[in-house]
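What follows is a single structure, written as structure tokens, with notes after it.
Sequence lines set the chain letters: A, B, ... in the order given, protein chains first and strands last, and positions in each chain run from 1.
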There are 2 protein chains.
Amino acid sequence: MTYAIKEVAEKTGLSIYTLRFYDKQGLLPFVSRDSSGYRAFTEGDLHLLKTICCLKNTGMKIADIRQYIGYVMAGPTSIPQRQALLHAHRQAIARQQALIQTNLKEVDRKLALYDAPNAADLVDQELAFAKAEKIANHLPNPFN
Amino acid sequence: MTYAIKEVAEKTGLSIYTLRFYDKQGLLPFVSRDSSGYRAFTEGDLHLLKTICCLKNTGMKIADIRQYIGYVMAGPTSIPQRQALLHAHRQAIARQQALIQTNLKEVDRKLALYDAPNAADLVDQELAFAKAEKIANHLPNPFN
DNA sequence: AGTTGCCCTAGAGTAGAGTCTAGGGTTTAT
DNA sequence: ATAAACCCTAGACTCTACTCTAGGGCAACT
């Protein structure tokens, strides 16, 4: 009916070390201990843990995740706070996506250059330009 | 005709510390020094630096960026290596985007729950379920 | 000649997120 | 009743990527 830490590690892909670390960081206050002092994860705990992973995977810091979990532990009265926190995070994710999108385009532009049939010529040109610029500014040539 | 480190910092949004750090890490072997030993960034250098930022912004580690820059310094003969490296990175970016996409959906699901008119009821239900699970497994209740 | 505002290096310090070790208890199978 | 395979904590260590400090040089103005 409950899961030991090893099983949870296998289910989530987190290491046992990481799970204990998260607990130490106050991310798992909802995980109870059995009579031997072992962590006993319920299905509900796994759901919350999945939420934690979801926030982590989208770049939320542990301190902020702790805050969110704190709100969850506080019960339904903290719904406005949870909303505010998640909404702000949602925007952070959107910014992150936009940044990656932009930079991915740039990488694709580079790749297109290298994939071009005359890639060697283009790269040669770039290099020649860079060298010329160094010379024009009386700077040592760092290339070659 | 060339830019001092402070100007480059302003242009790129990187701190002066970070620029020097990148240089120390071997990311800026193409930046020459003037007669006083000061870094003198040319336009071409700024382009390369922009590429570095682009790789960094998409999660490439400094060690890998250094490798890429090493290929660039080696001239046109390293085009196949550059292609391979960027292609692999392109795939890493795609995986990253997919992960964020998936987790963003999850966040949106949570937000939808909190935005629902009966949010308090739903959250109450979840909580009741979680508590029941603890009791069913003879575990102490961590909530409240 | 002195102050201001840049620039430099070396190296120490910080922050975040783990990862691992030592020392010790528990449960299960042999 | 002992080994194997788990579990626990405290705390040290690692890695990455900065960030800052100390100590000192150069260039321009006053």
Please check the phosphate of D/dA17 (OP1 and OP2 only) for any side-chain N or O of B/Tyr22 closer than 4.0 Å.
no

Give a yes/no on whether any side-chain N or O of A/Thr18 is located under 4.0 angstrom from OP1 or OP2 of C/dT19.
yes

B/Phe21 has a side chain; which of D/dC7, D/dA17, C/dC7 sits nearest to it?
D/dA17

Compare the minimum distances between each of C/dC8, C/dG18, D/dC18 and the side chain of B/Arg20, then state the nucleotide with the smallest one.
C/dC8

Proximity to DNA chain D (any heavy atom under 4.0 Å), residues of residues 31-61 of chain B only:
B/Ser36, B/Tyr38, B/Lys56, B/Lys61

Start with the C-alpha gap between A/Ile62 and A/Tyr22, add the side-chain angles, then the distance that decides, and say whether side-chain contact (heavy atoms from CB on, under 4.5 Å) holds.
CA-CA 8 Å; A/Ile62 283 180; A/Tyr22 284 177; 4.0 Å; yes

Once you round it to whole Å, what is the distance between [atom2] of [N] and [atom1] of [X]?
X: B/Ile62; N: D/dT16; atom1: CD1; atom2: P; result: 9 Å
X: A/Ile16; N: C/dT21; atom1: CD1; atom2: P; result: 14 Å
X: B/Leu14; N: D/dA17; atom1: CG; atom2: P; result: 14 Å
X: B/Leu19; N: C/dC7; atom1: CG; atom2: P; result: 11 Å
X: B/Tyr17; N: C/dA10; atom1: OH; atom2: P; result: 17 Å
X: A/Ile5; N: C/dG25; atom1: CD1; atom2: C1'; result: 16 Å
X: A/Asp64; N: C/dG16; atom1: CG; atom2: P; result: 10 Å
X: B/Asp23; N: C/dT9; atom1: CG; atom2: C1'; result: 11 Å

So, the side chain of [X] versus the backbone of [Y]: is there a donor-acceptor pair under 3.5 Å, distance only?
X: A/Asp34; Y: A/Ser36; result: yes
X: A/Asp23; Y: A/Arg20; result: no
X: B/Ser78; Y: B/Gln81; result: no
X: B/Ser32; Y: A/Pro140; result: yes
X: B/Thr12; Y: B/Leu14; result: yes
X: B/Lys134; Y: A/Thr42; result: no

Restricting both atoms to N or O, compile the protein contacts to nucleotides 11-13 of chain C shorter than 3.5 Å, with distance only.
residue	atom	partner	partner atom	Å
C/dG11	N7	B/Lys24	NZ	3.3
C/dG11	O6	B/Lys24	NZ	3.2

Could I get the full list of side-chain hydrogen bond (donor to acceptor under 3.5 Å, both in side chains) partners for B/Asp108, not counting sequence neighbours?
A/Arg90

Under 4.0 Å, counting only non-hydrogen atoms across every strand here, what does A/Ala63 touch: a base, just sugar-phosphate, or nothing?
nothing

For a quick test of reading the model, state the closest non-hydrogen atom pair linking A/Leu127 to B/Gly75 and the distance between them.
CD2-CA, 4.4 Å

